Amino acid sequence: MPDMLALCRWLEQTSVGAGIRESLWLFPAIETVHLLGMAALVGTVGVFDLRLLGRTLRRERVSELGRRLLPWTSGAFAVQVVTGVLLFSSEAVKVYTNPAFRLKMLLIFLAGVHALVFHWTVYRNVASWDDGAVLPVGAKVAGLVSILLWIGVVAAGRFIGFV
């Protein structure tokens, strides 16, 4: 495994990293887009998860809601990745050693694994429970775990600047 701090030092010295760091407006503009992307990502995931928990949109078919929300979720996640890499490149050494950043990355990884497992297992049978009054326990647990993971991601992200 390469020396991660050396890689972070190199990344900071690239024209992209240095340009973002040295610009008066670029870092705040990218961070604003990052925050808007987070709002879209957590908003769409949150609505879907609350539906799984039976707390909102109860008359909405889960498969239909997923069909409408998941493209927005994917787009918002792509915005997060691009803006996150750009922000990271401007302060890579400082951020890489930050425990809140590491926690955030761990939680994002866990949320991704959770989403994959959910879609490969519980969600595969969505048609059989789509119209049911009560969703399966697995769907409810998945919704709760997802909400908790994304709350953790947001909280850890906010802590990055203060730790």
Side-chain angles (χ1 to χ4, degrees), residues 16 20 23 25-92 94-96 98-163:
V16 172
I20 293 169
S23 171
W25 295 103
L26 208 46
F27 187 96
I30 295 169
E31 188 171 33
T32 299
V33 174
H34 191 69
L35 292 173
L36 291 171
M38 179 56 71
L41 175 62
V42 173
T44 57
V45 168
V47 166
F48 189 77
D49 291 341
L50 288 172
R51 172 61 184 99
L52 292 178
L53 290 167
R55 304 308 256 163
T56 189
L57 302 170
R58 292 180 186 157
R59 294 181 187 164
E60 189 80 26
R61 295 172 58 112
V62 176
S63 61
E64 178 62 23
L65 186 63
R67 188 187 67 71
R68 289 197 334 251
L69 287 179
L70 291 179
W72 288 98
T73 303
S74 298
F77 186 75
V79 167
Q80 291 306 98
V81 169
V82 170
T83 57
V85 167
L86 290 172
L87 293 170
F88 180 78
S89 72
S90 71
E91 303 179 313
K94 176 183 169 188
V95 174
Y96 176 74
N98 186 309
F101 173 77
R102 289 179 175 217
L103 177 60
K104 179 181 176 181
M105 292 300 105
L106 173 64
L107 292 172
I108 289 170
F109 174 77
L110 292 174
V113 169
H114 176 266
L116 287 174
V117 169
F118 171 72
H119 282 276
W120 287 343
T121 58
V122 176
Y123 197 69
R124 291 177 76 187
N125 299 320
V126 68
S128 67
W129 44 269
D130 219 1
D131 294 321
V134 179
L135 298 181
V137 172
K140 292 181 179 189
V141 169
L144 179 62
V145 169
S146 177
I147 284 176
L148 293 175
L149 285 168
W150 285 108
I151 288 171
V153 169
V154 171
R158 289 301 306 137
F159 274 84
I160 291 172
F162 304 100
V163 175

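Since we're looking at a predicted model, the values are computed, not measured.
Side-chain atoms of N98 come within 3.5 Å of backbone N or O of V163 as a donor-acceptor pair. A donor-acceptor pair under 3.5 Å is absent between the side-chain atoms of S146 and the main chain of A142, judged by distance alone.
How far OG1 of T83 is from CG of L36: 9.5 Å, rounded to the nearest 0.5 Å. We find the OG1-CZ distance between T44 and R68 to be 12.5 Å, quoted to the nearest 0.5 Å. For the atom pair CG of L41 and NE2 of H34, the computed distance is 9.5 Å after rounding to the nearest 0.5 Å. From L87, atom CG reaches atom CD of Q80 across 9.5 Å, with rounding to the nearest 0.5 Å. Remark: L106 CG to L149 CG distance equals 9.0 Å, nearest 0.5 Å. Atom CD1 of I30 and atom CD1 of I20 lie 4.0 Å apart (nearest 0.5 Å).
Between W129 and A139, the shortest heavy-atom contact is CH2-CB, 4.1 Å. Closest non-hydrogen pair, A76 versus A40, comes out as CB-CB, 3.8 Å. Of all heavy-atom pairs spanning S89 and V16, the tightest one is OG-CG1, 4.0 Å. The two atoms that bring G37 and V79 nearest to each other are CA-CG1, 4.2 Å, heavy atoms only.
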Query - F77 and T73: CA distance, side-chain angles, deciding distance, side chain to side chain contact (heavy atoms under 4.5 Å, CB included) verdict - result: CA-CA 6 Å; F77 186 75; T73 303; 5.6 Å; no
Query - Candidate pair F27 and E91, rule side chain to side chain contact (heavy atoms under 4.5 Å, CB included), full reasoning - result: CA-CA 10 Å; F27 187 96; E91 303 179 313; 4.1 Å; yes
**Report entry** Intermediate values then yes/no, salt bridge (Lys or Arg N to Asp or Glu O under 4.0 Å), R51 and E64
**Finding:** CA-CA 11 Å; R51 172 61 184 99; E64 178 62 23; over 6 Å; no
Query - side chain to side chain contact (heavy atoms under 4.5 Å, CB included) evaluation trace for V145 with K140 - result: CA-CA 9 Å; V145 169; K140 292 181 179 189; over 6 Å; no
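Applying the 6.0 Å contact sphere to OH of Y123 captures more than 12 heavy atoms from other residues, nucleotides or ligands.
Between W150 and the choices V153, L148, I147, the side-chain contact (heavy atoms from CB on, under 4.5 Å) rule is met once, by V153. The side-chain contact (heavy atoms from CB on, under 4.5 Å) test with F48 is passed by exactly one of L50, L52, V45: L52.
Counting only residues at least two apart or on different chains, no salt bridge (charged side-chain N to carboxylate O under 4.0 Å, His left out) pair has a member in residues 100-128.
Using bins of under 30°, 30° to 60° and over 60° for the plane-to-plane angle, the ring pair H114/F118 lands in the parallel bin.
Less than 6.0 angstrom separates the ring centroid of F101 from the ring centroid of F88.
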